[in-house]
Every structure is written in structure tokens, then in C-alpha cells.
2 protein chains.
Amino acid sequence: MDIAEVAKASGLPASTLRFYEEKGLIQSIGRNGLRRLFNANVIERLALISLGRNAGFSLDEIGDMFRSEGLDINRTLLLAKANELDSKIKELTAMRDGLRHAAACNAPNHFECPKFLRLLRVAGKNRVRLVNKLKENKVKHT
Amino acid sequence: MDIAEVAKASGLPASTLRFYEEKGLIQSIGRNGLRRLFNANVIERLALISLGRNAGFSLDEIGDMFRSEGLDINRTLLLAKANELDSKIKELTAMRDGLRHAAACNAPNHFECPKFLRLLRVAGKNRVRLVNKLKENKVKHT
DNA sequence: GCTTGACTTCAAGTTGGCTTGAGCTTGTAT
DNA sequence: ATACAAGCTCAAGCCAACTTGAAGTCAAGC
């Protein structure tokens with residue numbers, strides 16, 4: 001496939017595809033003159049990248065996951081990411097409940113509604129744990 | 001409180017507090033000479049901002065929520081945000097399950113594991129809906 | 001065999017959310 | 001009265017993830 005076909009099939013602009021290739025997230029299988037040629041399986045990979053981005057992973061993190069496929073480090077990395085997502089899910093759930101309550105509540109302002117504050121405090125607790133984890137990871141990696 | 005106290009209590013650097021003030025997310029209650037003075041309730045507000053940021057809201061979105069407090073538009077806005085979070089939660093849950101399965105799975109590569117692909121496809125479907133929503137919102141607002 | 005339009009590279013620009021630096025002001029302690 | 005740590009402003013810088021623009025290349029159709 002040439003870049004235009006991949007762009008159409010994936011919904012991503014050609015510029016993004018070149019950028020991802022440069023970053024090592026996808027590979028072209030060769031060239032026709034100057035023009036890149038891609039294998040059809042790049043579409044699936046791009047879908048995975050979009051999914052990962054949407055779940056809040058950086059391009060570098062996604063690259064790490066791909067690069068360590070099949071390795072043992074991969075399992076560890078994947079589980080760590082899954083746990084991170086668990087914290088995030090709890091936090092978003094508390095936030096969602098907080099917003100729904102705030103919309104329904106008739107306290108004059110949300111800061112004065114104990115239920116709202118309690119819901120958000122739950123989110124806050126998870127947040128702190130998550131932040132600490134991230135910091136630990138940063139320290140480990142540097 | 002002066003800015004250093006707020007910084008310490010909130011965990012945010014003074015530069016961020018000035019930046020938030022400039023953006024209208026917080027207000028100082030006056031000055032002592034050049035120095036900003038804050039009301040203690042700014043701490044709660046900053047916690048709310050951090051929470052919102054962590055839940056994926058932009059500073060502008062958070063500002064909108066504050067600015068429309070008590071108004072009817074606020075209820076609508078809050079519920080819309082809560083619904084957005086619902087989509088995001090579903091997506092993250094599918095992603096988490098996908099990652100956990102991938103870590104446990106012994107298919108030679110994840111693209112060949114039907115369970116993994118099915119899990120991610122669920123995430124993908126939610127994503128599409130979310131993206132469309134966001135696009136709609138953008139069109140509406142401009 | 002020539003045009004043309006889709007591709008190429010490389011550098012620079014964009015956005016959001018801050019941070020940093022230089023140079024100036026001032027409340028507080030000595 | 002003076003020193004100075006802590007504030008202040010304003011402009012510029014930084015990072016991620018792209019996008020845009022200019023200028024060049026070339027495969028394919030006529």
C-alpha cells in the first residue's frame with residue numbers, strides 16, 4: 001500500500017504516518033522510487049497506537065510496549081500499565097459521580113455540599129497514589 | 001495567605017498559581033504592596049482544578065465549569081462531562097482488560113490473539129463515539 | 001517525452017500548560 | 001536605615017505530538 005491508502009484506511013494524515021515512522025512506531029516495507037510502501041498489517045498497528053494514545057499513553061510508552069513484545073519485560077510493563085489504568089478508572093468514576101451529583105445538587109455552591117466534596121476526596125486519594133507511582137517510575141528509569 | 005503558603009498547602013509552585021490567576025481560574029483577594037493575598041478557600045478550588053486536570057479536562061473547560069456555577073448551563077455542562085467520562089471509563093476498562101490478557105496470553109504476538117483483538121475492538125468502538133462527540137462540540141463552540 | 005500531481009525531505013510553526021530568567025520592588029528583620 | 005529574601009512582571013523557553021511550508025523528485029498517464 002502507498003501512504004495515501006494507509007492514510008485513508010487509518011484515518012490518519014500522511015504527515016502523522018511519516019512522523020510515526022520516524023519515531024519507530026511503524027515501519028515501511030520498502031520504497032517505490034522515493035515513495036514509501038507499507039504492508040497492510042500497519043493498519044492494525046495504527047489502530048493499536050490510536051487506542052493507546054486515547055487511553056493516555058505517550059508515543060514513547062507505546063513504542064516501549066511494541067519494542068518489548070515477546071520479552072519478559074513486556075509482561076511486567078503491560079501489567080504495570082494495567083494497574084495504572086485501574087487507578088485512573090477509579091478516579092474517573094469518582095469524578096463522574098461527583099459531577100453527576102453536582103448537577104443534581106441544590107447546595108448554593110459545590111464547595112458547600114458535603115456529598116460532592118466526599119466524592120471528590122475519593123478521587124483525590126487515588127490521584128495521590130497514582131502521582132507517587134509515576135514519580136517512582138521516573139526515578140527508576142533515570 | 002500569601003502565595004508561598006498557598007503553594008505549600010496546595011503543592012503547586014507559585015508560578016502555577018500566578019498562571020492560574022492570569023487564566024481566571026483562581027482570584028487573589030487583594031495585595032499587600034505588590035504581593036498577592038489569597039483567601040484560604042483557594043486551596044479547595046485548587047484541589048478541584050487538580051482533580052479536573054487529572055480527569056483529563058483542559059484548564060479552559062474547568063474554567064467554564066467554574067464560571068457557570070449556579071447557572072443552568074452548568075448542569076448541562078456537568079452532565080455532558082459526566083457522560084464523556086463514562087465513555088472514557090468504558091474505554092479504559094477495555095484497554096486494561098486487553099493489557100492484562102496480553103500479559104497472560106501466549107500467542108506469538110498480540111495481533112494474532114483473537115481475544116486481545118476483540119477486547120481492543122470494544123475500546124475502539126467507544127473511542128469512535130467519543131471522538132465524534134468531541135468534534136461535534138468543537139463545531140458547536142466555534 | 002513531457003506534464004502533473006502525489007509523493008519526498010527538512011526546517012520551522014502550533015497548542016497547552018507551565019517554567020525559567022532577567023531585572024525591578026518591597027515588607028520584614030536587624 | 002539598610003539589607004535581603006521573597007514577591008513582582010514580562011518575555012522567552014520547553015515538551016509532546018503533530019502540522020505546515022518550501023523546494024525538490026519522480027511514476028504514470030497522455
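So you know, we letter chains A, B, ... as the sequences are listed, proteins then strands, and number each from 1.
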Check your understanding: Does Leu48(B) belong to the same Ile/Leu/Val/Met/Phe/Trp/Tyr cluster as Phe19(B), with side-chain heavy atoms less than 4.5 Å apart forming each link?
Key -> yes
**Message:** Using a strict threshold of under 4.0 Å (side-chain N to carboxylate O), is an ion pair present between Glu84(A) and Lys81(A)?
**Reply:** yes
- Query: So, Arg96(B) and Asp86(A), do they make that salt bridge, N to O below 4.0 Å?
  - Reply: yes
Give the rounded distance in Å between these two atoms: [atom1] of [X] and [atom2] of [N].
X        : N       : atom1 : atom2 : answer
Leu34(B) : dT28(C) : CG    : C1'   : 15 Å
Ile3(B)  : dT9(D)  : CD1   : P     : 9 Å
Arg18(B) : dC8(D)  : CZ    : P     : 5 Å
Arg31(A) : dA27(D) : CZ    : C1'   : 15 Å
Asp60(B) : dC18(C) : CG    : P     : 12 Å
Leu25(B) : dC18(C) : CG    : C1'   : 13 Å
Glu21(B) : dC10(D) : CD    : C1'   : 15 Å
Asn54(A) : dA17(D) : CG    : P     : 13 Å

Ala4(A) has its side chain closest, among dC7(C), dT19(D), dT19(C), to dC7(C)
By nearest-heavy-atom nucleotide on DNA chain D, the more 5' of Asn32(A) and Asp2(B) is Asp2(B)
Note: for Ser58(A) and Ala14(B) on DNA chain D, the residue whose nearest nucleotide lies more 5' is Ala14(B)
Distance below 4.0 Å between [X] side-chain N/O and [N] OP1 or OP2:
X        : N       : answer
Arg35(B) : dT26(C) : no
Arg36(B) : dT9(D)  : yes
Tyr20(A) : dA17(D) : no
Thr16(A) : dA17(D) : no
Arg53(A) : dC18(D) : yes
Ser15(A) : dT19(D) : yes

Distance-only polar pair, side chains of Arg100(A) and Asn83(B), donor-acceptor under 3.5 Å
yes
> Around atom CD1 of Ile29(A), are there more than 12 heavy atoms of other residues, nucleotides or ligands at under 6.0 Å?
Replying inline: no
